[in-house]
Amino acid sequence: MSSPDGLWCDVIAVVGPTASGKSALADELAVRLGTEVVSADAMQVYRRMDIGTAKTPPDERRVPLLCVDVADPSETYSVACYEREAHACVDRLVGEGRAAIVCGGTGLYVRAALEDMDFPSGDQTNNPVRERYARLAEELGPQRLHDLLAARDPQSAALIHPNNTRRVVRAFELLEQGLSYACQHEGLHVRTNRHPTLVVGLTMDREVLYERINARVDRMMEQGLVDEVRGLADEGLAESLTSRQAIGYREILAALAGECTMEQAVEDIKRATRRYAKRQLSWFRGDERVVWIDALSGDVGSLADHVMELARRSPGESPDGGRG
RNA sequence: GGGAGUGUGCCCGAGUGGUUAAUGGGGACGGGCUGUAAACCCGUUGGCUAUGCCUACUAAGGUUCGAAUCCUUACGCUCCCA
């Protein structure tokens with residue numbers, strides 16, 4: 001294989017919870033390897049959502065940041081769209097004999113970038129079928145909708161908790177396309193990399209992480225998060241299906257609508273971010289490919305040294321690396 | 001100084017003599033996840049040498065077969081009159 005710069009891998013993924021320093025490390029790695037960074041973040045795909053998504057400002061990027069600013073906040077983006085774009089970016093870099101640096105905290109997007117997810121083709125996220133079942137869910141209530149699914153597709157129903165209406169609706173949507181949620185669920189845990197990949201996970205002491213999150217939210221406020229949200233609200237963010245669900249945006253939106261004080265909104269953002277970090281940790285802990293390194297063990301430079309060492313070792317000697 | 005309240009698990013807050021280790025909410029922790037994923041959903045949350053035991057509703061006594069629930073005192077907090 002091409003293995004650039006004496007590396008055993010073609011892709012280096014940097015994952016971990018928010019505020020753990022992924023972006024800086026990815027940027028450093030990309031500089032050293034003369035390559036580019038592919039973002040794996042579900043919210044950074046949106047244009048003009050910069051401060052709240054902690055997008056590295058263009059003038060601070062030393063290498064191109066891909067898969068960022070590819071959608072309008074009014075659009076409803078999805079993993080399937082992301083997968084296509086991410087694969088194109090990764091393949092281009094690898095094709096040029098360069099290692100692709102994938103960096104992000106959205107677990108599902110990371111998988112989409114690294115693996116072939118094979119999402120069934122079909123309608124957009126926003127579609128009449130989904131809307132119809134969503135409405136039905138409201139009429140019947142979660143339990144009865146789930147009962148309905150159980151009658152038509154017991155295997156899928158068994159996999160989805162009755163309260164998880166979103167998934168139940170999605171199962172119906174697949175059913176309409178002649179597919180079963182249960183079928184695609186099979187082999188869910190088999191992770192097959194498209195290219196030889198090193199996945200590095202950044203962790204740190206939970207308390208320190210939370211302090212960093214709090215500080216980062218305060219910084220976002222100083223940088224003008226409220227103005228950013230206000231601007232987006234003027235162009236209809238509040239109606240958007242996906243982007244208004246972003247942490248930081250929905251809370252400020254609520255405050256702007258007079259539902260709570262701005263002070264309360266800031267607290268809500270911090271808490272939501274903490275929880276998000278926890279979920280991210282939970283997701284990545286379940287990924288056996290991840291080689292964890294302590295983000296507090298050194299500065300960006302030494303962390304990059306560490307990663308380079310892992311990437312140069314042959315897969316056989318590395319603790320976990322080469323699988324897939 | 002006098003009077004009236006109140007004190008519950010990490011926090012808030014129900015419970016006013018008996019299926020009570022104690023409803024509920026928050027927080028925290030853990031988990032799930034294949035087209036909204038920063039979303040959506042679930043579980044745990046006194047301790048243990050655990051099919052049972054111990055410690056628990058400010059503290060110490062008391063009443064009772066039995067108390068977080070009733071009584072006494074102490075301490076803390078709140079309010080009212082001075």
Side-chain angles (χ1 to χ4, degrees), chain A residues 17-19 39-46 49 52-55 71 73-85 104-127 129-131 133-134 137 142 146 156 158-174 176-177 179-192 206-207 210 213 216-217 220 239-253 264 267-287:
Chain A
T18 10
S39 166
D41 186 300
M43 291 300 154
Q44 290 190 357
V45 299
Y46 294 109
M49 290 175 67
T53 63
K55 210 180 280 172
S74 61
E75 286 177 51
T76 297
Y77 203 71
S78 76
V79 217
C81 305
Y82 171 78
E83 180 180 35
R84 277 192 293 277
E85 302 196 32
T106 306
L108 187 63
Y109 279 44
V110 170
R111 285 199 67 176
L114 268 32
E115 308 163 33
D116 280 311
M117 303 283 285
D118 289 326
F119 294 108
S121 59
D123 296 305
Q124 299 279 296
T125 299
N126 242 336
N127 64 65
V129 179
R130 192 175 290 195
E131 275 165 33
Y133 281 103
H146 189 266
S156 295
L159 291 169
I160 306 170
H161 187 100
N163 287 155
N164 203 344
T165 303
R166 196 104 113 197
R167 290 265 155 70
V168 175
V169 168
R170 174 69 185 145
F172 274 115
E173 192 186 329
L174 288 168
E176 300 277 310
Q177 295 172 36
L179 298 159
S180 168
Y181 180 91
C183 291
Q184 71 169 182
H185 194 270
E186 233 160 90
L188 192 70
H189 301 287
V190 181
R191 297 165 198 272
T192 308
R206 190 67 64 92
E207 263 179 55
Y210 284 2
I213 285 171
R216 180 195 250 188
V217 173
M220 285 175 178
E239 281 75 51
S240 148
L241 188 63
T242 309
S243 55
R244 62 127 187 264
Q245 296 177 334
I247 294 172
Y249 295 83
R250 54 176 197 225
E251 290 85 358
I252 300 288
L253 236 30
Q264 183 59 52
E267 284 315 302
D268 290 347
I269 293 171
K270 290 177 179 174
R271 186 185 58 199
T273 308
R274 262 180 265 137
R275 287 183 172 160
Y276 174 46
K278 213 156 63 69
R279 266 176 280 129
Q280 289 176 301
L281 251 8
S282 174
W283 178 288
F284 292 120
R285 272 194 292 239
D287 188 336

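Below, chain A is the first sequence line, B the second, and so on; all start at residue 1.
Partners of A:Tyr109 by ring pair (Phe, Tyr, Trp, His ring centres under 6.0 Å), not counting sequence neighbours, listed by chain and number: A:Tyr82. Evaluation of the side chain to side chain contact (heavy atoms under 4.5 Å, CB included) rule for A:Ala277 yields A:Pro17, A:Thr18, A:Leu209, A:Ile213, A:Gln280 as partners, not counting sequence neighbours. Taking the salt bridge (Lys or Arg N to Asp or Glu O under 4.0 Å) definition, one finds that A:Arg170 meets it with A:Glu173, sequence neighbours left out. In this structure A:Lys278 satisfies the salt bridge (Lys or Arg N to Asp or Glu O under 4.0 Å) test with no other residue, sequence neighbours excluded. For A:Phe284, the ring pair (Phe, Tyr, Trp, His ring centres under 6.0 Å) test picks out no residue, with sequence neighbours left out. For A:Arg244, there are no salt bridge (Lys or Arg N to Asp or Glu O under 4.0 Å) partners two or more places apart in sequence or in a different chain. For A:Phe172, the ring pair (Phe, Tyr, Trp, His ring centres under 6.0 Å) partners are A:Tyr133, not counting sequence neighbours.
Residue A:Arg275 is classed as a sugar-phosphate contact, given heavy-atom separations below 4.0 Å to backbone atoms only. A:Thr165 comes within 4.0 angstrom of nothing in the nucleic acid, heavy atoms only. Within the nucleic acid shown, A:Tyr109 comes within 4.0 Å of sugar-phosphate atoms alone, with no base atom in reach, counting heavy atoms only. Using a 4.0 Å heavy-atom criterion, one finds that A:Tyr46 contacts no nucleic acid atom at all. Within 4.0 Å (heavy atoms only), A:Gly52 reaches at least one base atom of the nucleic acid. When heavy atoms are screened at a 4.0 angstrom cut-off, A:Arg170 is found touching base atoms of the nucleic acid.
Here, B:rG17 and B:rC70 have their C1' atoms 8 Å apart, quoted to the whole Å. As rounded to the nearest Å, B:rC65 and B:rG15 have C1' atoms that lie 23 Å from one another.
Of the listed nucleotides (B:rA38, B:rA37, B:rG30), B:rG30 has the atom at the smallest distance from the side chain of A:Arg285. With B:rC33, B:rG30, B:rG27 as the candidates, the nucleotide lying closest to the side chain of A:Lys278 is B:rG30. Set against B:rG35, B:rU36, B:rG31, the side chain of A:Ser282 has B:rG31 as its closest nucleotide. In the set B:rU36, B:rG32, B:rA38, B:rA38 carries the atom at the smallest distance from any side-chain atom of A:Ile247. For A:Arg206, whose side chain is taken as the heavy atoms from C-beta onward, the closest listed nucleotide among B:rC40, B:rG30, B:rG27 is B:rG30.
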N/O to N/O distances under 3.5 Å, protein versus nucleotides 42-45 of chain B:
residue : atom : partner  : partner atom : Å
B:rC42  : OP1  : A:Asn163 : OD1          : 2.7

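At least one side-chain nitrogen or oxygen of A:Arg271 sits closer than 4.0 Å to the OP1 or OP2 atom of B:rG27.
Atom-to-atom, CZ of A:Arg274 to C1' of B:rG30 comes out at 17 Å; the value is rounded to the nearest Å.
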- Query: How does RNA chain B look in dot-bracket notation if pairs are Watson-Crick or G-U with both distances under 3.5 Å, crossing ones as [ ], other-strand ones as |?
  - Reply: ((((((((.[[[..)..(.....]]]((((((.......))))))(((...)))...[[[[[..)....]]]]]))))))).

